[in-house]
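Convention: sequence-line order gives letters A, B, ...; per-chain numbering from 1. Everything quoted here is computed from the prediction, not taken from an experiment.
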Amino acid sequence: PFGNSHNQLKMKYSTEQEYPDLSKHNNHMAKVLTPAIYEKLRSKQTPSGFTVDDVIQTGIDNPGHPFIMTVGCVAGDEETYAVFKELLDPVIQERHGGYKPSDKHKTDLNPNNLKGGDDLDSNYVLSSRVRTGRSIRGFCLPPHCSRGERRAIENLSVEALGALTGDLKGKYYALKNMTEAEQQQLIDDHFLFDKPVSPLLLASGMGRDWPDARGIWHNDNKTFLVWVNEEDHLRVISMQKGGNMREVFNRFCTGLTKIEELFKNKKHQFMWNEHLGYILTCPSNLGTGLRAGVHVKLPNLSKNNKFEDVLKRLRLQKRGTGGVDTAAVGGVFDISNADRLGFSEVELMQMVVDGVRLLIEMEKQLEKGQSIDDLMPAQK
Amino acid sequence: MPFGNTHNNFKLNYKVEEEFPDLSKHNNHMAKVLTKEIYTKLRDKQTPTGFTVDDVIQTGVDNPGHPYIMTVGCVAGDEESYEVFKDLLDPIISDRHGGYKATDKHKTDLNFENLKGGDDLDPNYVLSSRVRTGRSIKGYALPPHNSRGERRAVEKLSVEALNILDGEFKGKYYPLKSMTDAEQEQLIADHFLFDKPISPLLLAAGMARDWPDARGIWHNENKTFLVWVNEEDHLRVISMQKGGNMKEVFRRFCVGLQKIEETFKKHNHGFMWNEHLGFVLTCPSNLGTGLRGGVHVKLPKLSTHAKFEEILTRLRLQKRGTGGVDTASVGGVFDISNADRLGSSEVEQVQCVVDGVKLMVEMEKKLEKGESIDSMIPAQK
């Protein structure tokens, strides 16, 4: 009785009649989706009923920007990446530097494999942060999950986090029960996440039932933070002032590994496979889902005409200190890894640690009025 | 989001308590009516196109409402929504439409000759007159739920129907997605252009999907008859002009609507209508006539009178600012229109507007002369 009725009704219309108008669009989905691919996929659905139109809706409703390439599609469950692979494999390939359907992704969350990272000059590096996402196998993802599923994820997550001890011991703040005082404190700590206003997120259904089953957990020290049911089931963040990226990564790996154990004890795993690594809502976060970065003062280097090239060679990207799409203030930049898939967590961290160290050396040279030509790195 | 409802099956693995929305901070008609019992009864149902109770209520869950404005908090995805989910929608309709019962019958009367007067509202006070309604085309899903193919089919049929119109109705269609800059400027200057919905009420219901595909504006050469295609409803039909000749506005409205309906019927697609709910539209608040007939009228003295609200209630009228719903009035000029939609006919509702506005203009004149209006306060209609 509960077939995908409306999808079947749509089949009465020809592909031409249903195919979206992407003529003004500039996102990965629009570049990849041909009528032939749409025709092949339009009759399909995942076991939970996610269809190709569900995958692409956000990319249709948000044509994109001439200079920023958004992804333009989302997954509704783990199986989306298999059922709609004719669309998603090319999108992944475009977004993740040529990553092929046959490629394997390596996961390495052993912090001992990171070399150095505890001595970035704190005169330049103001803060260090690592974040990733995790999806809980067996549940639909934020674009598609029901209230019951979302609440189940919250319950499981709060139980798991509640079992953390030592410096990871903390507390959960459900968005819908937050007191004014708690809310103000979380805002002051820059921890509070607000209802998504980004049209990219709203168009994919991630704002439904807000703020039900959404919340923030953090440890007493405020160095380990978990967002529940925002853009992904879980977003895990380790952060602290200064340049000790090694410690941040240690805490990150320890915390993540403990959380994963606690979920496994309850018979729930994270979504992961050897091709795509960790499965997340947005294809841009596949693999490690990891963005590791620092807020670093580079007033001279950032004005140097080789800055962009240096970043590219180091496989790093810059953002303003308000996050993606913000501008830098006072010569302070957010510098982080550009890659997510095809490199392990340790490898990406190493790039950030080594890269930022080099950028600071360059900054110091420029301060002394010296050239940085001999410091230019090879393409990683 | 709307299309798959295999997921509805999955949801049944969760208990009602686990799936029932948290409506504790909500103030809309849906939140006042939806109990766990009703949700239990409806959660395993779907319309033939696959619209589920969660689809109906999503907008009301996501938009808790305002302490002073009661929004409806639910939408229909197709004609059958009103039947399949009547355990929820009948009480909402009753609350919203003054106690309208599940057994009541609605009368449609689009015979403009049945309107008495309305051609002599004082243009020193009545600046402009307007009548609007909506229509849904039978056999297609509604804006919260329709696919691109359906929406384009609605557009195609509508443009064919509108292009047949001649005489005073002869006009042109401007699709939103191929509008030139010059056309866009002109439509903005005429106050005709509708923009992508930004209201969270509409966005949460899925009505902005695929914007601006298959959306457009049609108007006649005189700019007195205007049709919006695929905005909040399949069609919104508007008749308007400067001054106080409501009779003429209503005549044009009725004649135009009937001509359009004829063409749709020829293609075997009539308008959604039944004898209980009248014209079936996306939002339950627009059922019945879907008609809002109103004027922009100068009432600087009457609007500051202590009995203004009372008078409006008795006349079954409502006030808005001249920017439309939720705007404030400017310079003592108000938008005055009928409050009812369901349970009275088009002629009856426009009659309320015509008679009521005439009375209020007389009251305004009295107050200008410093006289009392106590003897003019009407009985409750």
- Message: Quick one: does any side-chain atom of B/R148 pair with a main-chain N or O of A/Q17 as donor and acceptor, under 3.5 Å?
- Response: no

- Item | Residues B/D62, A/R208: salt bridge by 4.0 Å N-O rule | no

- Rounded to the nearest 0.5 angstrom, the OG-CZ distance for A/S146 and B/R43 is 8.5 Å

- Query: What residue in B/D210, B/D213, B/V61 has the most heavy-atom pairs under 4.5 Å with chain A?
  - Reply: B/D210

- Item | Which atom of B/A153 lies closest to which atom of A/Y13, heavy atoms considered | CB-CE2, 4.1 Å

- Task: Enter the distance from A/M11:CE to B/S147:OG here, rounded to the nearest 0.5 Å.
- Result: 11.5 Å

- Begin from the C-alpha positions of B/E150 and A/L9 and carry the test side chain to side chain contact (heavy atoms under 4.5 Å, CB included) through to its verdict. CA-CA 10 Å; B/E150 285 181 297; A/L9 281 174; 5.7 Å; no

- Query: Counting heavy atoms not belonging to B/E160, are there more than 12 under 6.0 Å from its CD?
  - Reply: yes

- All heavy atoms of B/R152 vs all of A/E16, minimum pair found to be NH1-O, 3.6 Å

- Message: Would you compute the distance between atom OH of B/Y14 and atom CZ of A/R150 and round it to the nearest 0.5 angstrom?
- Response: 11.5 Å

- Okay, B/D54 and chain A: the region with an atom under 4.5 Å from a heavy atom over there is side chain

- Top contributor to chain A interface from B/E17, B/E19, B/R151, B/K15 [non-hydrogen pairs under 4.5 Å]: B/E19

- Task: Could you walk me through whether B/E18 and A/R147 pass the side chain to side chain contact (heavy atoms under 4.5 Å, CB included) test, one step at a time?
- Result: CA-CA 7 Å; B/E18 288 164 336; A/R147 283 179 296 274; over 6 Å; no

- Item | Under 4.5 Å from a heavy atom of chain A, the part of B/I57 involved | side chain

- Task: Hey, could you give me the CH2/CG distance between B/W211 and A/N62, rounded to the nearest 0.5 Å?
- Result: 14.5 Å

- Item | A/K176, NZ: over 12 other non-hydrogen atoms inside 6.0 angstrom | yes

- Residues A/D21, B/K177: salt bridge by 4.0 Å N-O rule: yes

- chain B contacts: which residues in residues 134-142 of chain A have a non-hydrogen atom closer than 4.5 Å to it? A/F139, A/C140

